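None of the values given here were measured: they were computed from a predicted structure. In what follows, chains carry the letters A, B, and so on, assigned in the order in which the sequence lines appear, proteins first and then strands, with residues in each chain numbered from 1.
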Amino acid sequence: MEKTEIVLEVNKVSMMYRLPSEKITSVKHFLIKKIKKEIKYEDFFALREVSFSVEKGEVFGIIGSNGAGKSTLLKVISGILKPTQGEVKRKGNIAPLIELGAGFNGDLSGKENIYLNGLILGYSRKFIDQHVDEIIQFSELEKFIHTPLKNYSSGMKARLGFAIATIVKPDILIVDEVLSVGDIKFREKSEAKIMSMIKDGTTVLFVSHSMSQIEKICDRVLWLDKGRVLEINETKKVVSKYKMK
Amino acid sequence: MSSKYKNFVKYQDLFIELIRKDIKIKYRNSVLGIFWSMLNPLLMMIVLTVIFSNVFQQHIEHFPVYVLTGRLIYQFFSESTNFAMDSINNNGQLIRKVYVPKYLFPISRICSSFITTFISLIPLALVMAVTGVGFHWTNILVIIPLVCLLIISIGVGLLLSTITVFFRDIKHLYSIVLTVVMYMTPIFYPISIIPEQYKIIFEFNPLFGIVDIFRSVVIQGEVPMIWTVAITSIYSLLIFGVGLLMFYKKQDKFIYYL
């Protein structure tokens with residue numbers, strides 16, 4: 001048997017949101033309500049004891065209806081949210097394609113935004129210097145790269161964001177339905193890029209509502225329902241059950 | 001600890017970029033540019049000197065430099081902590097979308113203020129030359145009080161940015177606190193006019209000790225006493241520690257309030 005290495009381990013992760021019955025953003029309001037004992041909290045579990053592990057090179061799908069906790073799970077894994085309980089162990093660097101173009105500034109040019117967004121993603125300046133041409137080329141925005149970003153169409157922004165986020169060779173790639181970026185031509189191109197990353201041994205976490213996409217690329221699938229794991233199994237088995245529902 | 005350090009190294013270029021952006025924005029859209037940073041303290045100095053030098057003439061030597069040094073310290077503190085206060089809220093969109101070490105935002109704001117403060121050392125040197133205070137090689141030691149000030153401001157900035165996430169109206173409260181701090185800092189009056197029984201309260205103000213060291217280094221060219229420096233640095237580190245601890249404990253909750 002082939003020797004496998006676990007690159008991502010999610011261990012009994014629970015995520016609880018404590019929702020106050022009304023939003024309080026001032027000291028005055030807070031004190032008055034506190035004295036009157038009018039602050040009520042409602043606990044809401046977005047994730048309950050979710051555990052799974054992903055091996056190196058695996059393409060791992062996550063499915064579930066809206067509000068099942070998929071996005072929360074991805075945010076926990078990428079470190080944006082800290083789980084209420086449990087822990088996430090990661091090996092290697094993660095490239096989250098959850099929110100493309102985070103921190104884009106409309107007043108700066110495309111090229112300046114490459115630097116800004118790249119730095120936010122944790123790239124070094126030197127690394128961006130070396131790859132800026134490649135990013136521009138992949139996004140096919142050579143003509144507009146000195147134009148302020150506010151004049152870009154949403155498709156152009158998404159292309160630029162995708163190009164920046166995928167310029168690294170990450171160990172773990174998190175994809176949240178961004179394959180539906182831009183026009184057909186660019187969609188094919190971005191799919192091809194992700195495919196080539198998978199071939200190179202990148203581990204992929206893939207979230208989608210499209211069962212055909214899931215069936216096409218995933219090895220295993222996790223089915224989330226109301227924050228709980230319903231099933232983790234081979235793609236075919238889970239997807240057929242999911243469709244039955 | 002080492003993983004935290006590694007994380008900082010990873011994001012150090014972002015940190016530098018945030019500081020650069022702040023400074024760029026500050027001087028863009030202003031015709032006078034950097035010159036404004038020098039003119040502003042000079043004008044204040046002239047006004048305060050004209051008004052107060054008669055009142056305190058017997059007590060204070062080199063009144064213009066006295067005012068300028070006091071103002072420089074206070075101005076940096078109030079500007080930087082005010083900026084840092086809003087930094088988490090202003091970057092809320094970003095913090096909700098990607099993982100970035102959150103302390104970068106308040107600390108970078110304070111560091112950019114610190115750099116622009118160095119620019120106002122130029123008019124200070126100018127006034128020193130004109131009014132005949134004279135320079136000593138020990139003037140280079142201004143770095144000691146300034147670094148203490150930086151540490152205090154980072155501590156206060158982290159604390160304020162944390163509280164502001166949860167309570168937006170703290171801003172109004174802090175503007176009152178700042179006014180109190182301003183009057184409790186001997187910017188334009190001599191320390192000797194403070195009644196002895198209240199002096200302990202004034203010394204509680206972190207800027208008090210710093211202004212004192214800063215002046216003795218700049219005006220008299222004195223090497224500050226070791227124990228004065230020690231007390232001031234311990235106090236600074238204490239404030240820094242409190243701010244850092246609060247920020248660190250609450251930072252995972254920010255995202256629910258942004």
Side-chain angles (χ1 to χ4, degrees), chain A residues 15-20 23-31 41 44 46 71-72 74-84 88 90 93-105 107-108 112-113 115-129 161 164-165 174 176, chain B residues 3-4 6-22 24-25 28-29 86-102 104-105 108 160 162-174 176-177 248-258:
Chain A
M15 191 71 223
M16 187 187 81
Y17 289 99
R18 167 159 278 192
L19 305 168
K23 198 163 180 173
I24 297 166
T25 53
S26 80
V27 179
K28 187 183 83 186
H29 205 158
F30 179 79
L31 288 177
Y41 294 103
F44 167 76
S71 297
T72 308
L74 292 189
K75 281 186 175 174
V76 169
I77 291 169
S78 55
I80 302 169
L81 284 173
K82 199 172 183 187
T84 322
V88 179
R90 290 162 290 216
N93 61 327
I94 292 190
L97 298 189
I98 304 175
E99 295 274 359
L100 292 176
F104 270 174
N105 185 332
D107 290 324
L108 299 176
E112 287 170 309
N113 270 300
Y115 277 89
L116 187 62
N117 185 241
L119 290 169
I120 286 167
L121 292 175
Y123 307 166
S124 69
R125 183 166 279 278
K126 210 174 119 201
F127 179 85
I128 303 172
D129 279 335
I164 300 167
I174 301 180
D176 189 3
Chain B
S3 73
K4 296 221 163 54
K6 260 189 212 157
N7 207 23
F8 176 71
V9 171
K10 184 180 173 191
Y11 285 96
Q12 62 175 342
D13 285 349
L14 174 62
F15 185 61
I16 294 164
E17 178 63 30
L18 286 173
I19 294 175
R20 274 180 35 174
K21 201 180 77 182
D22 272 350
K24 228 196 252 169
I25 288 171
R28 201 181 52 188
N29 301 333
D86 294 326
S87 59
I88 296 287
N89 278 330
N90 290 345
N91 291 290
Q93 281 298 321
L94 198 61
I95 291 169
R96 275 163 53 186
K97 281 180 179 172
V98 281
Y99 170 77
V100 181
K102 296 175 195 61
L104 289 184
F105 300 114
S108 70
L160 286 173
T162 308
I163 301 172
T164 314
V165 173
F166 302 101
F167 303 111
R168 304 288 152 104
D169 62 343
I170 207 77
K171 209 173 163 52
H172 307 299
L173 193 64
Y174 187 61
I176 301 170
V177 173
Y248 196 74
K249 277 195 138 176
K250 294 285 179 194
Q251 62 172 350
D252 296 324
K253 293 212 170 84
F254 287 176
I255 194 165
Y256 309 126
Y257 293 86
L258 290 171

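In the displayed structure, Y256(B) atom OH is contacted under 6.0 Å by more than 12 heavy atoms of other residues, nucleotides or ligands.
With salt bridges taken as basic N to acidic carboxylate O contacts below 4.0 Å, none links K126(A) and D13(B).
There is no contact between I128(A) and chain B, counting heavy-atom distances below 4.5 Å. Using a 4.5 Å cut-off between heavy atoms, S78(A) contacts chain B through its backbone alone, with no side-chain atom that close. The contact between K75(A) and chain B is made entirely by side chain atoms (from C-beta outward), counting heavy-atom distances below 4.5 Å. In this structure, no portion of F254(B) lies under 4.5 Å from any heavy atom of chain A. Of the atoms belonging to F166(B), it is backbone heavy atoms, and not side-chain ones, that fall under 4.5 Å from chain A. For L18(B), no part lies near chain A; criterion is any non-hydrogen pair under 4.5 Å. For a residue to count as touching a neighbouring chain, one of its non-hydrogen atoms must lie under 4.5 Å from one of that chain's; by this rule Y115(A) does not touch chain B. Interface remark: V98(B) contributes backbone and side-chain atoms alike to the contact with chain A (heavy atom separation under 4.5 Å).
Among residues two or more places apart in sequence or in another chain, the salt bridge (Lys or Arg N to Asp or Glu O under 4.0 Å) test is passed with K253(B) by none. By the side chain to side chain contact (heavy atoms under 4.5 Å, CB included) test, V177(B) is found to be paired with Y174(B), V181(B), residues two or more places apart in sequence or in another chain being considered.
N117(A) contributes no side-chain N or O that, together with a main-chain N or O of G103(A), makes up a donor-acceptor pair within less than 3.5 Å. A donor-acceptor pair is defined here as one N or O able to donate and one able to accept, closer than 3.5 Å; such a pair exists between the side chain of N91(B) and the backbone of S87(B).
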